[in-house]
Structures are given as C-alpha cells and as structure tokens.
Protein chains: 2
Amino acid sequence: MKGIRQLAEHLQISTGTVSRALNGKSDVNAETRRRVLAAAEDLGYVPNQAGRSLRQGASKTIGLVLNHGSSVGAGNENFFPLVIAGLQNVLSRHGLDLVLLLCPREENYDAFLRRMVARRLVDAMIITATRVKDPRFAFLTTAGMPFVSLGRSDSALPGNNWVDLDFEGIAERAVLRLFERGHRRIAIAAPASDVNLGKLFLEGYRAGLAKCGLQEEPDYIFYEQALEEGGYRVGEKLLASKKRPTAIVLNAELMSVGLYRRLGEAGLVPGRDLAVIAERESPVGRFLLPRLTCFRLDLDALGRMLAEMLLSNLPAFAEGYQDVPRNRIWPLELVEGESDPPLAAPD
Amino acid sequence: MKGIRQLAEHLQISTGTVSRALNGKSDVNAETRRRVLAAAEDLGYVPNQAGRSLRQGASKTIGLVLNHGSSVGAGNENFFPLVIAGLQNVLSRHGLDLVLLLCPREENYDAFLRRMVARRLVDAMIITATRVKDPRFAFLTTAGMPFVSLGRSDSALPGNNWVDLDFEGIAERAVLRLFERGHRRIAIAAPASDVNLGKLFLEGYRAGLAKCGLQEEPDYIFYEQALEEGGYRVGEKLLASKKRPTAIVLNAELMSVGLYRRLGEAGLVPGRDLAVIAERESPVGRFLLPRLTCFRLDLDALGRMLAEMLLSNLPAFAEGYQDVPRNRIWPLELVEGESDPPLAAPD
DNA sequence: CTGAAAGCGCTTACAG
DNA sequence: CTGAAAGCGCTTACAG
C-alpha cells in the first residue's frame, strides 16, 4: 500500500473522505468509515508522516533531548527509561510519538539544538541536564519551540515550565539525619561541572549545616564527577584528609561503588568507618554491601508530569491540561539502608 | 525566517536557485551561492524537514530501535551511549540524523514497529536485543525498510546485515581460563529470556567444558535476569548447591554487584571463595572489590561498523561502502581483574 | 547558470 | 455526507 490515493481508488471514494474517516472526523457516514478503516487495516495503510507534517505544520512527535555522557547511561541507568515510560504513557494518549535526540559528540551543542528546532522534526522538546546558566531557555523561547525542562536554571524565564528534583531538600535532610546519628564532620560530594543540581545540592548541604549549628569546612566539600571513578577519588581525598569526616553525602549513587572500593582497599568498612548517604535509589545501591541509604522518587509520575506540562503548552492539547502547574519541585523520600548507622562514639 | 520562499524573495532570486545553492549543486554561480549561504546563515534559515522528506521521499533520519527495559539503562549503562557515538560519527558525515525510538510500554512491540515503518519517520533502522526467533527480520525485509541488526537471530535472512558480539567466544575462553587456573566446577549464568545472546553464551560454555573434558552439570547453569538482582539470586542458589562451584561466568557485569553482596552476607569473599568472570567491562566492574575480570570491546568502532553496514544498504550512500562485510562477529579482549585468581587448592 | 512549474502525500475549507 | 481543489515547503527535471 502506497498512499492515500491508492487506498481511495481501491475504495472508489475520494481521498478527502478517506482522510476524514481515518482521522475520526464526525461528518462521515458510519458505514463509509467502517469500510475505510477495514481497508486501511487490511492493506496496512498508515499515513505518510511527511505529507501530514507538511500539511498540518506539526509532526506529532516530541523530542527528548539528552546530553551525551551526562544523561543516557552515564550514572543514570534506570533513570531515563522510567521517566520515558511515564512520558509515553501520557503522550501516546494523544497520538504523539516520542523520539530521543542526542547531540553527536562532534557537533556543537547549540548548533545541534538550533538545527533540531529548525528542521521541525519535533513539535516540542523536553530538555535535560540544565546548567546554572543555560542559553537553551532563551533560545527555545525565542524560537517559539514549546518545551519543558527537567531541571531548573538561573536562565529559566518566568513563562518556562520545569520540573526538578528537590536536590536542596535531600542534601539538607541527609545532613540533619547524619547529625542526629551523632556525626559532626559531614562531607559532601558535588559535581565538578556547572550543572544546576550541583549548586542546589550544595545549598541544601549548607542549609543543613546551619540548622545543626555546624561550621562549614571547605576541606569537606569534594568536587568530583558523579560516577564510580569520582567516588573513588572522593575516597582518596577522604583518606588523605587531616581530620577525616565521619560521614559523607554523595550526589550520585554510582559514586558509592568507587568510594566503597577505595575504603575497602584501605581496610575500612563503609557504614562502620564512614557513613554514606547517596542521592538516588537504584539497583546498584540496593545490592551494595552495606546497602545504601538513599532517596527514592516516582520516576514514572515524574515523566507523566513532564508530559502534562508540555501538553499544557501546546495549543492543540492545552484544553485538557489547564490546571497543570507551571513549575514543580519533585519530592523524594528517604530509603533507609545499612550505610549510615549511628556513630558509635560521637566526638 | 519562515521558508525558502521568504529567503528567495529577500535575495530576489527564485526558490529553485536558492535550493540548488543550499544543497551544493554544481550548477550554481559561485557568487550566487555565497550570497545564498550568507543570507541563510544570517536569517537562520534551515529547510523544513517535512517539505524535504515529502519531495525526496526520504527523511535523512535513521532510527535506533531500543527495547524498553532490555536495552536502555537496564544493564547497559555505558553500552549504548558509546555505540551511538560511533554511529553518529559515521552518519553525520552524510547529513543523516539519528533518533532513538522506544516502544511505549503500553503498545504491542510489533504494532509499534509496523507503525514506525509505515510513518516513514526514518529511512532506515537499527534493531537491537534480538531474540532467537525474531519476526522483525522478515517484517522489515518485506516492508522494504533498510536495516541492520545489533545481534544475531535464527530468523535472520541471508541478505540481512548484522553485527554481534562474540558471546560464544567469550564464554568458551572464560571456561578455559578458569580451567587453567585450577577450577573444575565452573558454573554459568545465562538470561532467563529468549534473547539470542543467551543461547550463544551457553553454546560457548558447553564448547569450553568439552575442550576441558569437563562434564556438563545441569545444576551449574543458572537462568537469571542479567541485572544486580539476578546476580543476587545466583548467589542464593550457589550457596544452596550441594557441591558448590568454585567459579562462575556471568553474562552481565551488573550481576556481580548482587552476587558480591550475597557472598558477603554469607561471609564469603568473591575471588577467594568464588572466582568470577563477567561478560563486559564497565565502570561498575572496574571499581568493585575485587575488580572484575571481564571482556572489553571497542564500542565506538562497533557503532561505526553498524552505520557503515547500514549505509551499504542505502542506495544513496552504498557507493562508498562497497566492501563493508554483510555480517560481523565482534571480538572481545580479556581484561584481567582480581576476581578470578588461581584456585588455591584444586580438587 | 537561472527561472517557472510540477508534484511529493496529505488535510481541510468550501461547495453542493 | 461527499468530492474537487488548494496548498503546506521543498527539490528537480526541463527549458532557455
């Protein structure tokens, strides 16, 4: 089956009627619609997307823009697949397809985004891995490309939609919890890059210290990559510190793999010799020994919220999504592990 | 800037000439081309994809089809991002964009694939996570959608292109290595599902046993999910076995996280009390204690090979890719770790 | 070297 | 309820 014309000829009716029948327009005879649908099913007809897109000025496709390295895979296993499931759950109700867009390593990120916008391959975008200063907010706003951001940024404009995890909240709660458990020398690992969550994580950490009446100790802040290797280096630095912290808050659970190894190499036992709380629950953390204390969130619901925010921005779908909030800070719940028992002998 | 017409009007020349200039056709005056290119750059003009696709019958977009759960994230962190980098490296040379397509959880996989093919959103596809019997080979072949498969299948047709890891080879070599190191009771973990690599992995295992003159012991074959939790259950079963194996070959490195934990809970030390070799090198394995002995491959090169095979199938690009092989079994190299020292006291 | 024109496959006012 | 026609933005024979 080639196109709608062939289908129409086969049915001996006009392409206009076929199109209306296929698209569920109301002004079509019931029997005609039945015949059209049956024939389309039979002959395996599906509208050519290019034709539709051109005519309608919309591709019915949403793009999820992921940063190479920072987002897919690297430290985010089990994050995006679940968010995507939530996104698709909502989008598919409206016949919208989701495609993932990755900037090729060789291409400049801004050029890539500009090209993706101009090509009009997608009607709207979801951007991720926001930075403190992030030109994408202004660019997409100006370009008229509807979008929602997974992540905050100082560059977000008043009208922009975003959802972000409560990074500051979890860092603060981690500090308070460790304090209650007797810890007074509490370190933190934060990303070395300019991703916005690093800033938030540190803010929460400082807020926590302040609430506990603890002094901030610059030596206890470790800027490292949010991966296994970064965790290993955190361990290295911890072992070298003059007055070693008794607890640490990691902004990524994968770091704990490297940290555990480094501690083990030195004959130290995670949990017993160093309390650890890591940001996000994931299978790796659950099967480490000791099991990580971490924070859990409903990723599927997060994906659905992102989709709903996006739809509230698209004129064709906004009606059903009137009362979706413009912004949302997503809560996380502490999951008790084995990695942060109370300190045996508080200083 | 809206369309090519506005650009042409601005330049006071015809849209045809603008199009030819933009698309690098030879029959354009050098000065005209310069002006067109400058104006396009200036005004931020990029051709509307729908118009191009419709006219050319091609979208200049390639789809990488990933299975939810089995492929992105789950157990494959650091796998696809690197393969994708290789793919894009080759595709971008030809102005081809890559998009990732994930089947929504609610949608039937076959229906999804049929829809994606019919929509003509992409000109060609890369499929992954092949099963022993896999209807996609026949479907895509019949539908005339060019494709290449990352993974073999009994359903692959003679003309189909594929690249696959040498699963049988690594399983066999793992067994031989463990045998040389004194092990006689060598277990294996293979996927519980019908993914083709599970079959290959077992074949290699059996070939290895045969070469070593070892008897196959049904109790030493553990069918488990290739994730942390599956590894934990392998540990459970190992501890329960009458005559415990002294070594195990895992088909996924993430399993070792769960296995290490289960052994640790029982007071056993991985490496010392159980030799472990896992399939693929990854950061997690490198930072486990003991570091995993595993197999390494050049994922970027694998991605490039996939792209080249695909291009050799596309009439518009085939010329430059005449001598790309039709199929390829990709070699892996053993990376020595700390998890499989020689057995202290061979039986 | 350039312009005018056709047409890719579709949807949608418009007329009846 | 249906058909005929226009047109979305682009590229590409074709004529000059």
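These values consider heavy atoms only, across backbone and side chains, with no hydrogens, waters or symmetry-generated copies. Being a predicted model, the structure only gives us computed values, none of them experimental.
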Report task. For Arg119(A), enumerate each residue passing the side-chain contact (heavy atoms from CB on, under 4.5 Å) test, keeping only those at least two apart in sequence or located in another chain. Result -> Arg115(A), Leu121(A), Val46(B), Gln49(B), Thr61(B), Asp97(B)

Query raised in the report: Near DNA chain D, which residues from residues 21-30 of chain A have a heavy atom under 4.0 Å away?
Result: Asp27(A), Val28(A), Asn29(A)

Query - All pairs passing salt bridge (Lys or Arg N to Asp or Glu O under 4.0 Å) where residues 303-314 of chain A contributes a residue, at least two apart - result: Asp300(A)-Arg304(A)

Report summary line: Numerically ordered, the residues 49-63 of chain B set in heavy-atom contact under 4.0 Å with DNA chain C is Leu54(B), Arg55(B)

Query raised in the report: Taking for each residue the nucleotide of DNA chain D bearing the nearest heavy atom, is the 5' side occupied by Arg33(A) or by Thr15(A)?
Result: Arg33(A)

Query - Non-neighbouring partners of Phe139(A) that pass ring pair (Phe, Tyr, Trp, His ring centres under 6.0 Å), sequence neighbours left out - result: none

Query - Partner set under side-chain contact (heavy atoms from CB on, under 4.5 Å) for Ser193(A), not counting sequence neighbours - result: Pro191(A), Val195(A)

Query raised in the report: What's the verdict on side chain to side chain contact (heavy atoms under 4.5 Å, CB included) for Met116(A) and Val122(A), showing C-alpha distance, side-chain angles and the deciding distance?
Result: CA-CA 8 Å; Met116(A) 284 300 137; Val122(A) 299; 6.0 Å; no

Query raised in the report: Taking only residues two or more places apart in sequence or in another chain, which ones pass side-chain contact (heavy atoms from CB on, under 4.5 Å) with Ser312(A)?
Result: Asn161(A), Tyr321(A), Val324(A)

Report task. Assess the side chains of Asn196(A) and Ser153(A): does a donor N or O sit below 3.5 Å from an acceptor N or O? Result -> no

Query raised in the report: Who are the side-chain contact (heavy atoms from CB on, under 4.5 Å) partners of Ala124(B), not counting sequence neighbours?
Result: Ile62(B), Pro146(B), Leu310(B), Leu314(B)

Which side-chain N or O atoms in residues 80-87 of chain B pair as donor and acceptor under 3.5 Å with protein atoms at least two apart or in another chain?
none

Requested in this report: Using ring pair (Phe, Tyr, Trp, His ring centres under 6.0 Å) as the criterion, list what pairs up with Tyr109(A), not counting sequence neighbours.
Outcome: none

Query - Arg326(B) side chain reached by Met309(B) side chain, heavy atoms, under 4.5 Å - result: no

Query raised in the report: Mapping Thr32(A) and Pro47(B) onto DNA chain D by nearest heavy atom, which one lands closer to the 5' end?
Result: Thr32(A)

Requested in this report: Check every nucleotide of DNA chain D for an atom under 4.0 Å from a heavy-atom of chain A, then give the first and the last such nucleotide from 5' to 3'.
Outcome: dC1(D) to dG9(D)

Query raised in the report: Do Arg136(A) and Asn160(A) have side-chain N/O donor and acceptor atoms under 3.5 Å apart?
Result: no

**Report entry** Which nucleotides of DNA chain C pair, in dot-bracket form (Watson-Crick or G-U under 3.5 Å, | meaning another strand)
**Finding:** |||.||||||||.|||

**Report entry** Validation row: Thr128(A), Val65(A) side chains within 4.5 angstrom (heavy atoms)
**Finding:** no

